[in-house]
Amino acid sequence: QVQLVESGGGLVQAGGSLRLSCAASGRTFSMYAMGWFRQAPGKEREFVAAIRRSGRIYYVDSVKGRFTISRDNAKNTVYLQMNSLKPEDTAVYYCAADSPPYSDYAGYDYDYWGQGTQVTVSS
């Protein structure tokens with residue numbers, strides 16, 4: 001079983017940056033696909049970014065060119081660097097891990113989820 005803990009959220013002005021971190025427990029972190037999702041007030045959960053074991057990366061169109069997902073397997077940590085933030089990026093951001101057999105990278109069937117970290121972007 002894997003435990004995920006997100007950190008790095010906060011309040012930032014539009015155009016600013018934040019880096020989210022997700023620390024994972026376990027010896028087998030490197031075998032997991034990792035993803036970031038977000039949920040804004042009154043809206044459904046949305047896929048943001050994912051990174052496979054192979055390093056293949058996926059982003060939702062709305063964050064391409066602004067967000068970067070990366071992972072450090074030695075630290076059991078996945079990151080989401082968020083630049084040029086917009087008010088519409090305001091949401092609770094969730095880290096997720098997927099073990100084999102892998103779910104769709106943008107789906108909601110990841111095996112493990114963190115508790116979320118709040119990101120608020122003011123205009």
Please determine if Arg45 forms a cation-pi arrangement with Tyr108, meaning its NZ or CZ atom is less than 6.0 Å from the six-membered ring centre and no more than 45° off the ring axis.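 Yes, a cation-pi geometry.
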Could you go step by step and tell me if Ser62 and Glu46 meet the side chain to side chain contact (heavy atoms under 4.5 Å, CB included) rule? CA-CA 11 Å; Ser62 61; Glu46 175 190 30; 4.1 Å; yes
How many angstroms lie between atom [atom1] of [X] and atom [atom2] of [Y], to the nearest 0.5 angstrom?
X     : Y      : atom1 : atom2 : value
Met31 : Tyr102 : CE    : OH    : 7.0 Å
Met34 : Leu80  : CE    : CG    : 11.5 Å
Leu85 : Ser122 : CG    : OG    : 10.0 Å
Asp98 : Arg52  : CG    : CZ    : 10.5 Å
Ile57 : Phe67  : CD1   : CZ    : 14.5 Å
Arg38 : Lys43  : CZ    : NZ    : 9.0 Å

Has Gln115 got more than 12 heavy atoms of other residues, nucleotides or ligands less than 6.0 Å from its CD?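 Atom CD in Gln115 is not crowded, with 12 or fewer foreign heavy atoms closer than 6.0 Å.
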Just wondering, are more than 12 heavy atoms of other shown residues or ligands nearer than 6.0 Å to CD in Gln3?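 Not more than 12 within 6.0 Å, no.
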Would Val2 and Asp111 satisfy side chain to side chain contact (heavy atoms under 4.5 Å, CB included), going step by step from the backbone distance to the final call? CA-CA 9 Å; Val2 175; Asp111 296 309; over 6 Å; no
Grab the two heavy atoms, one from [X] and one from [Y], that are nearest each other, plus how far apart they are.
X     : Y      : result
Ala24 : Leu4   : CB-CD2, 3.5 Å
Ser30 : Asn73  : CB-ND2, 3.7 Å
Pro87 : Ser123 : CG-CB, 3.8 Å
Ser84 : Ser17  : N-OG, 4.3 Å

Hey, quick one: are Tyr110 and Tyr59 part of the same hydrophobic cluster, counting side-chain heavy atoms closer than 4.5 Å, chains of contacts allowed?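 Same cluster.
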Tell me whether Ile51 is reachable from Val5 by hopping between hydrophobic residues (I, L, V, M, F, W, Y) whose side-chain heavy atoms are closer than 4.5 Å.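 No; Ile51 is not reachable from Val5 via cluster members.
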Report yes or no: does Thr90 contribute a side-chain atom to a donor-acceptor pair with the main-chain N or O of Thr120 at less than 3.5 Å?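 Not a single qualifying donor-acceptor pair exists.
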Looking at Cys95, is its backbone amide N or carbonyl O close enough to the side chain of Glu6 to form a donor-acceptor pair, meaning the two atoms are under 3.5 Å apart?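 Yes; at least one donor-acceptor contact below 3.5 Å.
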Using side chain to side chain contact (heavy atoms under 4.5 Å, CB included) as the criterion, point out the one residue from Asp89, Val12, Leu20 that pairs with Met82.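 For Met82, the side chain to side chain contact (heavy atoms under 4.5 Å, CB included) test succeeds with only one of Asp89, Val12, Leu20, which is Leu20.
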With side chain to side chain contact (heavy atoms under 4.5 Å, CB included) as the test, would you mind laying out the steps for Val63 and Val48 before giving the verdict? CA-CA 7 Å; Val63 309; Val48 177; 4.3 Å; yes
Just to verify, which of Tyr93, Tyr94, Phe47 counts as forming a ring pair (Phe, Tyr, Trp, His ring centres under 6.0 Å) with Phe37?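 Between Phe37 and the candidates, ring pair (Phe, Tyr, Trp, His ring centres under 6.0 Å) is satisfied uniquely by Phe47.
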Side chains of Arg56 and Tyr105: is there a donor and an acceptor less than 3.5 Å apart?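 No pair is found: no donor N or O on one side chain lies under 3.5 Å from an acceptor on the other.
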All side-chain hydrogen bond (donor to acceptor under 3.5 Å, both in side chains) counterparts of Gln81, not counting sequence neighbours: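 Result, side-chain hydrogen bond (donor to acceptor under 3.5 Å, both in side chains) vs Gln81: Asn83.
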Criterion side chain to side chain contact (heavy atoms under 4.5 Å, CB included) on Tyr79 and Cys22, from CA distance to verdict: CA-CA 6 Å; Tyr79 304 95; Cys22 174; over 6 Å; no
Beyond-backbone contact of Val78 with Trp36, side-chain heavy atoms, under 4.5 angstrom: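 Sidechains of Trp36 and Val78: in contact.
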